[in-house]
2 protein chains.
Amino acid sequence: MATLKYSRQRESIKEFLTGRTDHPTADFVYENMKQIYPNISLGTVYRNLSLLADLGEIQKLSSFGGADRFDARTVPHCHFMCTRCGRVMDVFSEHIDKSLESIAADFKDGQISDYKARFFGICKECLKEESH
Amino acid sequence: MATLKYSRQRESIKEFLTGRTDHPTADFVYENMKQIYPNISLGTVYRNLSLLADLGEIQKLSSFGGADRFDARTVPHCHFMCTRCGRVMDVFSEHIDKSLESIAADFKDGQISDYKARFFGICKECLKEESH
DNA sequence: TTACTTGCAAAAATTTTGCAGCTGT
DNA sequence: ACAGCTGCAAAATTTTTGCAAGTAA
């Protein structure tokens with residue numbers, strides 16, 4: 001297991017991220033880091049963002065595992081993605097409908113028609129395999 | 001506005017997607033389409049998937065608008081992304097906590113610690129601009 | 001015919017990786 | 001000195017686009 005060593009760049013990246021409430025992209029972080037370290041590379045930014053995310057010090061808000069997914073079921077419904085195995089499953093629940101309503105109340109004006117939710121976690125199958 | 005013309009390829013793509021309950025990637029659709037149309041191109045698949053999604057005949061389960069986002073706030077919380085302007089905002093709500101519990105009950109075993117949700121819709125600001 | 005569609009290929013956008021040299025411990 | 005880290009550049013991945021030829025209406 002890798003022993004962590006101090007790095008100015010990593011420290012700055014974390015500090016930069018901590019100071020904002022928006023959710024910057026890697027490239028945005030990179031552009032801002034360049035003002036402190038003119039020679040910093042995008043690769044370094046990506047590596048440190050990954051590392052910090054693995055350590056649990058930041059969150060990576062990623063897509064559905066690289067490529068987008070497509071779904072022919074157009075009745076409103078939500079999805080669950082297992083962050084371990086990558087499977088994407090449909091979800092139906094009245095609690096989610098409540099959530100969507102409250103989200104809509106905050107961000108829109110009570111209409112929930114086109115609001116969707118996506119959940120991320122670990123599925124039973126992966127938990128089972130984990131206990132080996 | 002473009003008038004839609006019939007296309008075998010588009011028809012097949014939609015039919016293929018309708019016949020599955022998993023959530024294929026564009027590349028997977030492409031690989032399968034090649035068995036019917038050996039010369040079909042990935043560009044055609046992408047164009048038709050986009051088109052079908054615009055028509056509302058399929059759903060695109062996309063990422064946070066291309067690039068991943070990073071967030072230094074590690075206390076469990078959820079996100080809302082405006083599908084119009086791309087802004088990503090934090091969300092706190094007890095309804096969501098209920099949703100996460102029921103999701104966890106279905107997909108895991110009652111522990112909600114690392115379950116996250118993401119919501120997609122249109123924000124107030126964009127709705128306001130729309131009414132012009 | 002007229003526009004929409006296609007295949008192909010090139011480009012764009014995002015992320016990962018190999019490597020030689022640098023740096024923290 | 002050893003292992004982790006960096007910058008750089010190349011590669012890999014995913015998606016979009018330009019263009020000339022093909023096709024539905």
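Just so we're on the same page: letters track the sequence lines, and every chain starts at 1.
- A heavy-atom distance below 4.5 Å is not found between the side chains of Thr44(B) and Met33(B).
- Atom CE in Met33(B) sits roughly 12 Å away from atom P in dG7(C) (whole-Å rounding).
- Atom C1' of nucleotide dC5(D) and atom CG of Leu52(A) are separated by 13 Å, given to the nearest angstrom.
- Position along DNA chain D of the nearest nucleotide to Asp27(B) versus Tyr37(A) favours Tyr37(A) as the more 5'-ward residue.
- A straight line from CG of Asp54(A) to C1' of dG4(D) spans 15 Å, rounded to a whole angstrom.
- For Gln9(A) and dT23(C), the shortest distance from a side-chain N or O to OP1 or OP2 is not below 4.0 Å.
- Asp90(B) meets the salt bridge (Lys or Arg N to Asp or Glu O under 4.0 Å) test with Arg73(B); sequence neighbours excluded.
- Taking all atoms of both residues into account, the shortest heavy-atom contact from Val91(A) to Phe80(A) is CG2-CB, 3.5 Å.
- Among the atoms of the strands shown, only primed sugar atoms or phosphate atoms (P, OP1, OP2) are found under 4.0 Å from some heavy atom of Asn48(A).
- Phe119(B) is not connected to Phe92(A) by any chain of hydrophobic side-chain contacts under 4.5 Å among Ile, Leu, Val, Met, Phe, Trp and Tyr, and they are in different clusters.
- The distance from atom CG of Leu51(A) to atom P of dA3(D) is 18 Å, rounded to the nearest whole Å.
- For the pair Phe28(A) CZ and dT15(C) P, the computed distance is 15 Å after rounding to whole Å.
- Pairs passing the ring-ring contact (aromatic ring centres under 6.0 Å, His included) check and including a residue from residues 25-45 of chain A, sequence neighbours excluded, do not occur.
- With rounding to whole Å, Lys60(B) atom NZ is found 14 Å from dT14(D) atom P.
- The side-chain heavy atoms of Met81(B) and Arg118(A), taken from C-beta on, include no pair separated by under 4.5 Å.
- For Tyr46(A), a side-chain nitrogen or oxygen approaches OP1 or OP2 of dT15(C) to under 4.0 Å.
- Residue pairs satisfying the salt bridge (charged side-chain N to carboxylate O under 4.0 Å, His left out) criterion with at least one member in residues 29-39 of chain B, sequence neighbours excluded, are listed as follows: Glu31(B)-Lys34(B).
- Terminal axes of the helix from dT1(C)-dA25(D) to dT25(C)-dA1(D) (five pairs each, C1' rotation axis) are separated by 30°, to the nearest 10°.
- Taking all atoms of both residues into account, the shortest heavy-atom contact from His79(A) to Gln59(B) is CE1-NE2, 4.1 Å.
- Shown here are the side-chain contact (heavy atoms from CB on, under 4.5 Å) partners of Arg10(A), two or more places apart in sequence or in another chain: Leu4(A), Ser7(A), Asn48(A), Leu51(A), Leu52(A).
- Residues Ala26(A) and Leu42(A) share a closest heavy-atom pair of O-CD1, 4.3 Å.
- Here dA13(C) presents its C1' atom at 14 Å from CD of Glu31(A), a figure rounded to the nearest Å.
- Partners of Asp22(B) under the salt bridge (Lys or Arg N to Asp or Glu O under 4.0 Å) rule, at least two apart in sequence or in another chain, are Arg20(B).
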What pairs of nitrogen or oxygen atoms, one from the protein and one from nucleotides 20-25 of chain D, lie under 3.5 Å apart?
| residue | atom | partner | partner atom | Å |
| --- | --- | --- | --- | --- |
| dA24(D) | N3 | Lys5(B) | NZ | 3.3 |

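- Residues Cys78(A) and Ala117(A) approach most closely at CB-O, 3.3 Å, considering heavy atoms.
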Write out a two-atom table: protein N or O, nucleotide N or O from nucleotides 8-11 of chain C, distance below 3.5 Å.
| residue | atom | partner | partner atom | Å |
| --- | --- | --- | --- | --- |
| dC8(C) | OP2 | Asn39(B) | O | 3.0 |

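- Computed from coordinates, the Tyr30(A) OH to dC8(D) C1' distance equals 10 Å when rounded to whole Å.
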